[in-house]
Asker: 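Shown below is the structure under consideration.
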Number of protein chains: 2
Amino acid sequence: MAILPSQSLAARLHQHGFKLTRARRAVILALEEAARPLSIADLHTAAQAHAADIGLVTVYRTLEVLAGLGLVRPVHLLDNCHAYALCSPGHTHHVICQRCNRVVEIEGCDLSAYLEEITAITGYHITGHWLEIAGLCPECQRAGD
Amino acid sequence: MAILPSQSLAARLHQHGFKLTRARRAVILALEEAARPLSIADLHTAAQAHAADIGLVTVYRTLEVLAGLGLVRPVHLLDNCHAYALCSPGHTHHVICQRCNRVVEIEGCDLSAYLEEITAITGYHITGHWLEIAGLCPECQRAGD
DNA sequence: TCCTAATTGAAAGATTTTTTCAGTTCCGGG
DNA sequence: CCCGGAACTGAAAAAATCTTTCAATTAGGA
């Protein structure tokens with residue numbers, strides 16, 4: 001069973017002049033399989049399934065590259081302050097299940113009315129925002145608490 | 001929605017049965033004076049203006065107490081992941097100036113329509129959200145970029 | 001004022017992140 | 001298909017960050 005990283009991810013890496021190495025493939029695959037935020041340590045473990053000898057340092061460096069390209073995003077919700085999740089290019093938000101950590105990505109948020117109100121009140125010129133949403137995914141709702 | 005006035009954290013601490021020590025007073029004063037998120041190290045330095053021999057460990061412990069009471073909140077600005085800022089009890093958001101780091105606190109956000117939309121799309125039962133807004137404060141707009 | 005438990009700073013310990021470096025791998029050009 | 005060289009890698013060491021431990025001190029009620 002050879003899972004390959006999504007073409008767009010590999011392509012984007014290559015577009016920016018980065019090499020698509022065995023170690024980077026392992027990190028990307030691990031993130032895609034997890035479909036939830038992973039701590040650096042967990043990601044390291046998960047990546048070892050694809051490249052047994054990958055070093056922790058390489059996980060740090062790969063995340064740095066991916067985050068720089070906007071392909072990965074640090075997720076700060078709850079107590080796991082240094083987790084990372086894949087994200088689509090463009091503006092999206094993460095909805096995170098607080099029980100199983102599963103993540104759904106939402107795009108096309110329309111906060112403009114809210115942000116205009118904030119501009120009116122504070123006088124700030126708003127340039128960006130960061131929103132994370134916590135809840136229970138359908139499965140965990142059924143599973144009870 | 002309103003801008004909240006700063007409050008006397010010392011009084012609130014005491015209300016919850018914690019001792020109001022010299023070290024804690026120093027940390028609280030430093031946070032009130034800064035009016036922006038401070039890293040632990042910066043907070044330690046700032047607190048030393050009020051209690052010259054305060055230890056870094058005590059800063060950690062004081063933040064733990066204050067965060068537990070919801071009087072202080074970790075702020076995860078992109079490059080300063082472990083900063084802390086005062087916050088009022090209840091549900092508020094921070095608007096952060098990306099040039100000078102000044103923070104304005106906003107309460108009474110109305111994202112309910114947006115959150116209902118997300119519930120409809122994802123099936124998640126939304127329990128909470130966490131929003132940070134970045135921009136330029138009025139002064140920094142005037143100062144140019 | 002006195003008493004007690006909470007709190008403190010320093011030091012040691014643990015963990016996390018970054019730097020360094022010599023060897024390896026990717027990949028475009030022959 | 002195979003070179004060559006820059007990008008990349010893992011390991012080790014170093015640095016930074018955070019936590020634990022403990023004896024001494026302090027806040028605040030009696």
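Quantities reported herein were computed from a predicted structural model and do not represent experimental measurements. Below, chains carry the letters A, B, ... as their sequence lines are ordered, and counting in each starts from 1.
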Asker: Could you tell me the separation between the CD atom of A:Gln48 and the P atom of D:dA11, rounded to a whole number of Å?
Answerer: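 Rounding to the nearest Å, CD of A:Gln48 and P of D:dA11 are 10 Å apart.
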Asker: Could you state the atom-to-atom distance from NZ of B:Lys19 to P of C:dA5 in whole Å?
Answerer: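 B:Lys19 atom NZ is separated from C:dA5 atom P by 10 Å.
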Asker: Quick one: is D:dC8 close enough that its OP1 or OP2 comes under 4.0 Å of any side-chain N or O from A:Arg24?
Answerer: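 For D:dC8, OP1/OP2 do have a side-chain N/O of A:Arg24 under 4.0 Å.
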Asker: Expressed as a whole number of angstroms, how long is the span from B:Ile54:CD1 to D:dT25:P?
Answerer: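 About 18 Å, once rounded to whole Å.
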Asker: In whole angstrom, what separates A:Phe18's CZ from C:dT25's C1'?
Answerer: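 Result: 17 Å.
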Asker: Starting at atom CG of B:Leu13, determine the distance to atom C1' of D:dA27, rounded to an integer number of angstrom.
Answerer: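 In whole Å, D:dA27 C1' and B:Leu13 CG are 13 Å from each other.
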Asker: State yes or no: do B:Val57 and B:Ile54 share one hydrophobic cluster built from I, L, V, M, F, W and Y residues joined by side-chain heavy-atom distances below 4.5 Å, directly or via other members?
Answerer: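 No, it is not one cluster - the side chains of B:Val57 and B:Ile54 are not joined through contacts under 4.5 Å.
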Asker: So does A:Thr21 get a side-chain nitrogen or oxygen closer than 4.0 Å to the phosphate oxygens (OP1/OP2) of D:dA7?
Answerer: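 No, A:Thr21 has no side-chain N/O under 4.0 Å of OP1/OP2 on D:dA7.
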Asker: Are B:Leu29 and B:Val27 connected, step by step, through hydrophobic side chains (Ile, Leu, Val, Met, Phe, Trp, Tyr) whose heavy atoms are closer than 4.5 Å?
Answerer: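 Looking at the clustering, B:Val27 is in a separate group from B:Leu29.
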Asker: Would you say the side-chain atoms of A:Glu32 pair up with the backbone N or O of A:Leu86, donor to acceptor, closer than 3.5 Å?
Answerer: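 Checked: no pair found.
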Asker: Donor-acceptor pair, A:His94 side chain versus A:Val103 backbone, under 3.5 Å?
Answerer: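 Not a single qualifying donor-acceptor pair exists.
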Asker: Residues two or more places apart in sequence or in another chain: which of them pass side chain to side chain donor-acceptor pair (under 3.5 Å) with B:His44?
Answerer: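 Counting only residues at least two positions away or on another chain, B:His44 forms a side chain to side chain donor-acceptor pair (under 3.5 Å) with B:Gln48.
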Asker: Whole angstrom is fine here: how far is it from CG in A:Asp53 over to P in D:dA12?
Answerer: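 That distance rounds to 13 Å.
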Asker: Does the side chain of B:Tyr84 come within less than 4.5 Å of B:Leu66's, by heavy atoms?
Answerer: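 Of all side-chain heavy-atom pairs linking B:Tyr84 with B:Leu66, none is under 4.5 Å.
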Asker: Measure CZ/A:Arg25 against C1'/D:dT9 and give the value in whole Å, please.
Answerer: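 After rounding, the reported distance stands at 14 Å.
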Asker: Mind checking whether A:Val72 and A:Thr62 have side chains closer than 4.5 Å, heavy atoms only?
Answerer: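 With C-beta onward as the side chain, the pair stays apart.
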Asker: C:dT8 C1' sits how many Å from B:Glu64 CD, rounded?
Answerer: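 Those two atoms, CD and C1', are 15 Å apart.
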Asker: Across nucleotides 15-21 of chain D, 5' to 3', mark each nucleotide with B, S or - according to how protein heavy atoms within less than 4.0 Å reach it.
Answerer: --SBBBB
Asker: For a quick check of understanding: with a heavy-atom distance under 4.0 Å over all strands, which category does A:His14 fall into, base, sugar-phosphate or nothing?
Answerer: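 Sugar-phosphate: the residue A:His14, judged by heavy atoms under 4.0 Å, touches backbone atoms but no base.
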